Amino acid sequence: MKKFRFLALALAAAAICTSCGKGGDDPEPAATLSISPDITAVEFSYDGQQAFNGATSVTPVFTVTTDQSDWQVAVTPSTATWCQAVKTTDGSGFTLYATENAAAESPAPATVTVTAGGAAATIAVTQRPAPSSYTAWACGSYYDADYKYYAWTWKQGDATVTDLPMPAGAVSCWASQMTVSGGDIYIAGNYTDTNGKAIPGYWKNNTFVTLPLPSGVGSTQNAYCNAIVVSGGKVHASGYYGVFWRAEESRAIYWVDGTPSLLPLHEDYSLSQSKNMVLSGGSVYIGGEARLKSDPNRTRGCYWKDSQHTLLPVPADTRSSECSAIAVLNGTVYAVGRYVLNTSYAYTVLWDADGPRTLTPPEGYYIWSGGLVDIVASGGNIYIAATLCAETGLNAFNSAYWEGDECRFLGQNASNTATLPRSVFVAGGKTYLAATSNGSMGIYFWLNDNWVTIPRPAGSTYYYSPQDIIAVPE
């Protein structure tokens, strides 16, 4: 009896202990979540091209670390469409983007929230108001009676253009692209020395800075700098060395604060050149072309994102393609250029996330496939400049630009002479388009529904043309 009572008590105690153990299990550990850099506020510049944390310039790319299998990022409120948070392709983080603000007031603040399990982290995102006014700046080149090239720059309102100083030892020079940062003017370009060799570099204000060639590139090679962007105090430039158009040795080059590197190539390609460059979301995008190893006469439009080479898709019966310029809007790459089919028919096209597509011109006109095209992203939209020709009668050149899918026909200038667009820029809700008139009769820019004449360089004889136009806050 005592044994039975003892056994019953033991079993009851065991049951009680078991019950206590089940009810007293430790709770599931809380999800861990962190983002790097560890900042809780980001302020974008009005044009969305720069980001700040307080007074410090930052790159708006964040790495997410969590012990959960998945995480999400969202922007609130839903009306804050000016701000986008896009996951990186490898899923390790996200990038913040801001469209250009053309208003005199800042948009309503946005909150970016990252969640994983029950954990969350937030970033407050704001954007600066647009400047009250802008001034147009342009740069270009011309040659004199001795066929000697000169680079020039011009500020809206000036009665004359200003020749950029000829670098020491130069016999000719020309300008390609310009930008303004911290009150300083940067202009990408080149000069030719007394041996006929092309030297790459850029003007910072009126001082030419020579850019070196990458290691292993012969010192006798011609090289060119055709794009420049300044961000976070760093000078980014791109160009190429060699003779790409003759399918001879040539490679695209990328410089950061003067340090050069060759841009890598897809395994089927051996030669390359760059055309233009943009910075977006902390990444560097460089548009250009490459030549096929097996047939160097065939080119392929392409771009590099942070030095990763991507070929732009083309139809199966394409012989060659070209990329003239690229832009980036909320992480999506847009490129303009053309492709030529095996039938030799050429199409001027826009590449977007869905591949290449043709643009629709106004009735009675076609897009001249040989005309230079440019593209820029601004205010949540894409702007494209191209040349139109009449389907009947005299095929005079006419300027036009597209805002999204809507074409704006600008036509010829006030003197009824042909215009060929060279560069497009958008700021403060206004479109600036620089054009040349057959390279010999005048240079102009479009603003407020009018053609404005850019003064002719005093020493020019025949060829003179703008290469780039920007608008700088006053």
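Treat the numbers as computed from the prediction; the structure is a model and nothing was measured.
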Is it true that the side chains of [X] and [Y] contain a donor and an acceptor less than 3.5 Å apart?
X	Y	result
Asp184	Asn205	yes
Thr419	Ser399	yes
Gln49	Glu100	no
Ser36	Asp38	no
Arg298	Thr318	no
Tyr134	Gln156	no
Asn276	Tyr285	no

Item to check | Basic-acidic side-chain contact under 4.0 Å: Arg357, Asp352 | outcome: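 Looking at Asp352 together with Arg357, the answer is yes, because their closest N to O distance falls below 4.0 Å.
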Geometric cation-pi criterion, [X] with [Y]: 6.0 Å, 45°:
X	Y	value
Arg128	Phe52	yes
Arg291	Phe244	yes
Lys430	Trp446	no

Checklist entry - Given the rule in the side chain to side chain donor-acceptor pair (under 3.5 Å) test, do Thr88 and Asp90 qualify, once you have shown the distances and angles that lead to the verdict? => result CA-CA 5 Å; Thr88 55; Asp90 62 4; 2.8 Å; yes
Next on the checklist: Apply side chain to side chain donor-acceptor pair (under 3.5 Å) to residues Tyr150 and Asp144 and explain how you reach the verdict.
Outcome noted: CA-CA 8 Å; Tyr150 296 83; Asp144 63 13; 3.3 Å; yes
Item to check | Candidate list Pro315, Ser320, Pro313, test side chain to side chain contact (heavy atoms under 4.5 Å, CB included), partner Tyr339, passing option | outcome: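 It is Pro315; the other options fail the test.
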Checklist outcome for this item: Correct closest heavy-atom pair for Ile470 and Thr179 would be CD1-CA, 4.0 Å
Checklist outcome for this item: Looking only at heavy atoms, the pair that brings Ala385 and Val424 closest together is CB-CB, 3.9 Å
Next on the checklist: Determine whether Tyr202 and Asn190 satisfy the following criterion, side chain to side chain donor-acceptor pair (under 3.5 Å), listing intermediate values before the conclusion.
Outcome noted: CA-CA 7 Å; Tyr202 62 91; Asn190 312 272; over 6 Å; no
Describe, in one word, how the ring planes of [X] and [Y] are oriented to each other, choosing from parallel (under 30°), tilted (30 to 60°) and perpendicular (over 60°).
X	Y	result
Trp154	Phe445	tilted
Trp174	Tyr224	tilted
Phe44	Trp82	perpendicular
His236	Tyr254	parallel
Tyr269	His266	perpendicular
Tyr401	Tyr383	tilted

Checklist entry - Can you check salt bridge (Lys or Arg N to Asp or Glu O under 4.0 Å) on Arg300 and Glu289, steps first, answer last? => result CA-CA 5 Å; Arg300 184 73 173 267; Glu289 295 149 21; over 6 Å; no
Item to check | Full working for side chain to side chain donor-acceptor pair (under 3.5 Å) between Glu474 and Thr135 | outcome: CA-CA 7 Å; Glu474 293 183 352; Thr135 298; 2.4 Å; yes
